[in-house]
Undergrad: 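My questions all concern the structure below.
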Amino acid sequence: MIRITFPDGSVREYNQGINSHEIAMSISPGLAADIYAATVNGELRDLSQPVEGNATVRFHKWDDAEAKHAFWHSSAHLMAEALEALYPGIKFGIGPAIENGFYYDVDPGEGRVITDADLPLIEEKMKELAARKSPIIRSEVSKKDAMDLFTAKGDEYKTELISDLEDGTITLYRQGNFTDLCRGPHLPDTSSIKAIKVLSLAGAYWRGDEKRKMMTRIYGITFPKQKMLDEYMAMLEEARKRDHRRIGRELELFAFSPKVGMGLPLWLPKGADMKQRLIDFMTKVLKERGYTMVSTPHIGNVDLYKTSGHYEKYGADSFRPITTPQEGEVFMLKPMNCPHHCEIFNVTPHSYRELPVRMAEFGTVYRYEQSGELHGLTRVRSFTQDDAHHFCAPEQLKEEFKSIIDLVQYIFKIAGFNEFTAQISLRDPNNHEKYIGTDENWEKAEKAIIEASGEKNLITTIAVGEAAFYGPKLDFMVRDAIGRKWQLGTIQVDYNLPERFGLEYTGSDNQKHQPVMIHRAIFGSMERFVAVLIENTAGRFPIWLTPDQAVILPISEKFNDYAKTVSNFLNNYDIRTLIDERNEKIGKKIRDNELKRIPYLLVIGEKEELAGTVSVRKQGEGDRGVMKPEEFMSLVKEEIKKEIGI
RNA sequence: GCCUCCUUAGCUCAGUGGUAGAGCAGCUCACUCGUAAUGAGCAGGUCGUGGGUUCAACUCCCAUGGGAGGCUCCA
């Protein structure tokens, strides 16, 4: 008999050789049907693997990442089995579970191409195979046997993977006619894979190396219930509707023109207006928080970037240098603002009494991103950073961090991102050569970040070894309305540039000291921030920010004059108000303006003109009743005050 | 950059080896209207660009521009 301990502390006894699935079954068949993997003595295992000896067992239901992982990993194998049946001789790379579903990288073989039209066929085959309820069988093999098996099959990708593995740790999983090299864990059989969708195709380099072969990556997702798949597909559809590129065009916020150049955004009047409003708001907040605004040119002498080290690091991947009629004179488009800011710091001598210096700029930078990397406003070749640099003494780091975290929290709240997390990136303690700066300073900085985050109650994860070579950092991730994560703000400590630019200040000891530099951005870039804002709000922006706050809808052209009176009144009070003067029925005007996401629709007709009122309709919510223009104005002002406190 | 796919009117999309269609948007006219699409008419495209095959190309082939998804979340 063996003793099994459960997470709640209870203990049950079983015969030798029992597996997790059978244990779950003994508790209740309902539980057994709900679980997909088990953690046995802290190790993630197949349900069908026997439990040896006394053990603690924790079952994983669907909501656990471990369960989804096993489920999707087995689904990847199921897809591979289908692919092998459909395309004999196909070769397999890797096929992992991912955050949403799974993929398999395959090489269909010379001259064979898998296209979108094939996806439904693969899906059908998977359904057919899943219905066979084949058991998924694990086996441990020697390195040699594994090598022989996949060599015989001619699968050079698997043999390459095996050659990197330790003998004695290699396991295979087989279901039906398909055997795969795999660590597991897996489902006991394919019967629980009920809802299957093969989603898309993509190219992916073998082992992520662009010098190696391009594999065909097939993405899919599966669920134990059809309803869950339906919900997932609905979520994808919702994400598609919120796509900032689509909404950006519909609401006339921004555009791209191949003639201007790919990745170079054109801000249309409404989008430019919104962007400027964000900049104005941020500028006001920064000034209140002890920042000084600076402004620097869009180009800089190549020597500037040689000094900063950016030329060496990014020069080859960037826009080409700009030459002038003057022999030997070379400029570059500015890829970042920091070198310019360092030179501003260097213009005057500094005393410890002035520190910290907080220098901010909405600086437009230019980076030659690879054409395939470009994406809407989130990945562009010219963008405006809400950049700032703090120059401070090492002992001021923690306070500076706290002030920035505070600012980030404030701005995110106003922008409507109520849920966010932060990642602290520290250096790899075993690889000191990789980093610049003294151990003492690194320890100080890392301690400052960790303590500041703790004191500001940030939810953080710590990533060891993820720091930049020049310093540790703190990155912020927001979660949007449909659960997607976006990286927005970043705070980075830098010991590199102060050294390269010879920055210094005079301390209380009358000695020269090197300041520490902090790079930080809250929005990240105006482009990216607007994109995330669009996707988060689906174009229903906060009223303080939205391009048009109200639109007046006259019932007929007879009331256009009264509409002008009301619109003049509201515009005088800075309520951004339009009139829909088109000769259309009121239903049509309402529909069109609802689709434009204008927060308030003011219907006016004979009754309103006689009473001197407006009939207020809130976007997406419907009729709010009749009120005087003054009352409506106060209502909007009140709402803005709630949003941004002004 | 690389892989797969897409590229037809301002937008969303049909379409066929015999030189183009719809809806919406736009314009004009009528209606002067009460909370998510009034009706009629008009106009709008050398089918992304450049080659090739063909009696004939929007359609087939090649090149090129642009767009979409993706390019380790590791056996």
Undergrad: Whole-Å distance between B/G34 P and A/Asp580 CG?
TA: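 Taking CG of A/Asp580 and P of B/G34, I get 16 Å after rounding.
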Undergrad: Any side-chain to backbone donor/acceptor pair from A/Arg245 onto A/Asp243? Under 3.5 Å, distance only.
TA: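 Checked: no pair found.
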Undergrad: Which whole-number value in Å describes the distance from A/Phe178 CZ to B/A75 C1'?
TA: 12 Å
Undergrad: Would you confirm whether A/Arg242, through its side chain, and A/Glu535, through its main-chain N or O, come within 3.5 Å as a donor-acceptor pair?
TA: yes
Undergrad: Starting at atom CH2 of A/Trp206, determine the distance to atom P of B/A75, rounded to an integer number of angstrom.
TA: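 Between P of B/A75 and CH2 of A/Trp206: 11 Å.
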Undergrad: Does the ring centre of A/Phe92 sit less than 6.0 Å away from the ring centre of A/Tyr157?
TA: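 Centroid separation for A/Tyr157 and A/Phe92: 6.0 Å or greater.
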Undergrad: Rounded to whole angstrom, note down the P distance from B/A57 over to B/G18.
TA: 11 Å
Undergrad: Any side-chain donor paired with an acceptor under 3.5 Å for A/Gln423 and A/Thr421?
TA: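 Distance-only check fails for A/Gln423 and A/Thr421.
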Undergrad: To the nearest Å, give me how far apart CZ (A/Arg245) and C1' (B/G66) are.
TA: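 Rounded to whole Å, this separation is 14 Å.
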Undergrad: Ignoring hydrogens and angles, answer whether the base of B/U35 and the side-chain atoms of A/Ser615 contain a donor-acceptor pair closer than 3.5 Å.
TA: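 Pair found.
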Undergrad: Which of parallel (below 30°), tilted (30 to 60°) and perpendicular (above 60°) describes A/His77 and A/His186?
TA: tilted
Undergrad: Quick one about A/Arg212 and A/Tyr205 (side-chain donor to acceptor, distance below 3.5 Å, no hydrogens or angles considered), yes or no?
TA: no
Undergrad: Which nucleotide sits closest to the side chain of A/Asp623: B/A68, B/C71, B/U35?
TA: B/U35
Undergrad: Could you give the CE-to-P distance, from A/Met215 to B/G69, as a whole number of Å?
TA: 23 Å
Undergrad: Quick one, give me the B/S/- string for nucleotides 36-48 of chain B, reading 5' to 3', where B means a protein heavy atom under 4.0 Å from the base and S means that only happens at the primed atoms, P, OP1 or OP2.
TA: BBB----------
Undergrad: Does the distance from a Lys or Arg side-chain N to an Asp or Glu carboxylate O, for A/Glu250 and A/Lys241, drop under 4.0 Å?
TA: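 No, A/Glu250 and A/Lys241 are not salt-bridged.
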Undergrad: Please state how far atom CG in A/Leu119 lies from atom P in B/C3, giving the value in whole angstrom units.
TA: 19 Å
Undergrad: Specify whether A/Trp62 and A/Phe71 have parallel, tilted or perpendicular ring planes, treating 30° as the upper limit for parallel and 60° as the lower limit for perpendicular.
TA: perpendicular
Undergrad: Within the structure provided, determine whether A/Val380 and A/Phe256 are in side-chain contact (heavy-atom separation under 4.5 Å).
TA: yes
Undergrad: Could you run through RNA chain B and flag its stems, i.e. three or more consecutive Watson-Crick or G-U pairs with both distances under 3.5 Å?
TA: B:1-7 with B:65-71, B:10-13 with B:21-24, B:26-30 with B:38-42, B:48-52 with B:60-64
Undergrad: Using whole Å, report how far CZ of A/Arg217 lies from P of B/A75.
TA: 12 Å
